[in-house]
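Let me begin by presenting the structure, written as structure tokens, before commenting on it.
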Amino acid sequence: MKHLKTLFLVAMLIMALAISVTAKEAKKVKNRFLSERVVVTCDKYPNVCDIKGSVGSDCCMKKCVNLSRDGSNCGKCGKKCGYGKICCEGKCVNPKSNKKHCGKCGNKCNAESSCVFGMCSYA
Ligand SMILES: *[C@@H]1O[C@H](CO)[C@@H](O)[C@H](O)[C@H]1NC(C)=O
């Protein structure tokens with residue numbers, strides 16, 4: 001009986017060791033994957049952009065982007081936001097006057113106020 005317990009403990013130890021080694025290996029592979037983005041490009045491997053730490057899950061010109069926020073790829077690849085505009089939820093908006101994105105993305109002015117020079121103000 002005592003023998004069995006020891007055996008069990010040893011088995012657990014080996015398992016724990018195996019798991020930690022696997023995790024380390026996975027991390028190494030992931031880092032390599034990220035640093036070799038030039039080689040493993042998202043046009044060929046779309047999953048590359050789903051990796052944690054990626055800029056976004058969308059792929060434009062072989063690069064991972066976030067179409068929701070990227071001022072150079074706003075809403076779709078290659079769509080640049082004009083001067084003074086920012087990309088919020090995939091749309092180019094003027095944060096100085098946009099009521100839904102006043103000053104910054106997602107800063108919504110309430111019904112009675114308006115966005116003036118990037119600040120919600122009551123007229
Ligand atoms: C893209 O940007 C939006 C808005 O900031 C954010 O909610 C979303 O998590 C981002 N996606 C990725 C994959 O980072």
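These numbers come from a predicted model, not from an experiment. In listed order, ligands and their atoms are each counted from 1.
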Which other residues end up in the same hydrophobic cluster as F117, if Ile, Leu, Val, Met, Phe, Trp and Tyr are linked when side-chain heavy atoms come under 4.5 Å apart? V116
Does the distance from C59 SG to C77 SG come in under 2.5 Å? no
The side chain to side chain donor-acceptor pair (under 3.5 Å) partners of D50 (sequence neighbours excluded) come to none
Pair listing, side-chain hydrogen bond (donor to acceptor under 3.5 Å, both in side chains) test, anchored in residues 98-107, at least two apart: none
Search all heavy atoms of C64 against all heavy atoms of G56 and return the closest pair with its distance. CB-O, 3.6 Å
Check against disulfide bond (SG atoms under 2.5 Å apart), C88 and C105: CA-CA 5 Å; C88 299; C105 288; 2.0 Å; yes
Compile the protein residues with any heavy atom at a distance under 4.0 Å from an atom of ligand 1; present them by chain, then by number. V55, G56, S57, N66, S68, R69
